[in-house]
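Let me begin by presenting the structure, written as structure tokens, before commenting on it.
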Amino acid sequence: NSKRRALLVKHIVDEHYIAESHRGSMLDIYRRYVRHIYPMSEATFWRYMQYAIGVEMLSLPSYFLRYLIAFSKSPLCR
């Protein structure tokens with residue numbers, strides 16, 4: 001049940017997230033939307049996000065994961 005809730009919370013964040021914006025930061029989304037729908041602590045919110053992002057990464061094709069790993073080791077990413 002908590003795994004399902006983690007994916008639902010991630011969906012709420014995805015709906016409201018705006019990259020490079022303070023008003024659309026994940027913490028702001030937690031405070032403005034998520035905790036009113038699913039009452040939880042901030043620490044639980046971050047655990048849910050960590051789980052949901054991990055599930056998304058595992059659902060990616062393996063060739064794409066290899067590309068991400070290789071690109072992250074590139075000097076351009078440092």
Side-chain angles (χ1 to χ4, degrees):
N1 202 11
S2 62
K3 292 177 182 180
R4 183 176 150 276
R5 182 178 289 191
L7 296 174
L8 292 171
V9 167
K10 176 74 167 73
H11 179 71
I12 293 170
V13 171
D14 288 343
E15 286 180 348
H16 298 284
Y17 182 72
I18 301 169
E20 305 295 326
S21 171
H22 177 68
R23 290 187 58 88
S25 70
M26 288 189 188
L27 184 58
D28 186 51
I29 292 168
Y30 160 73
R31 290 178 178 159
R32 293 172 66 202
Y33 302 102
V34 174
R35 73 176 175 181
H36 300 293
I37 298 170
Y38 299 112
M40 69 181 78
S41 69
E42 188 178 326
T44 302
F45 168 74
W46 289 116
R47 277 196 302 273
Y48 280 3
M49 291 303 295
Q50 184 178 16
Y51 171 79
I53 290 170
V55 167
E56 283 184 355
M57 291 298 291
L58 289 176
S59 67
L60 292 173
S62 61
Y63 64 86
F64 188 69
L65 286 176
R66 285 194 301 270
Y67 171 78
L68 285 176
I69 291 168
F71 186 73
S72 67
K73 292 179 181 177
S74 168
L76 296 174
C77 293
R78 294 187 182 138

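Nothing here was measured: the structure is a model prediction, and the numbers come from that model.
- Within the structure, ring pair (Phe, Tyr, Trp, His ring centres under 6.0 Å) pairs that include any residue of residues 34-59 comprise Y30-F45 (at least two apart or interchain).
- Legend: residues meeting side-chain contact (heavy atoms from CB on, under 4.5 Å) with Y33, ordered by chain and number and at least two apart, are I12, H16, I29.
- The side chain to side chain donor-acceptor pair (under 3.5 Å) search around R5 returns none, not counting sequence neighbours.
- Taking the side chain as every heavy atom from C-beta outward, K10 and V55 never approach each other to under 4.5 Å.
- Atom OG in S25 sits 8.0 Å away from atom CZ in R31 (nearest 0.5 Å).
- The distance from the CE atom of M26 to the CG atom of D14 is 7.5 Å, given to the nearest 0.5 Å.
- Across all their heavy atoms, A6 and A52 have their closest contact at O-CB, 3.8 Å.
- Here the side chains of E42 and R35 are not in contact, with every heavy-atom distance at 4.5 Å or above.
- With values rounded to the nearest 0.5 angstrom, S2 atom OG is found 10.0 Å from L7 atom CG.
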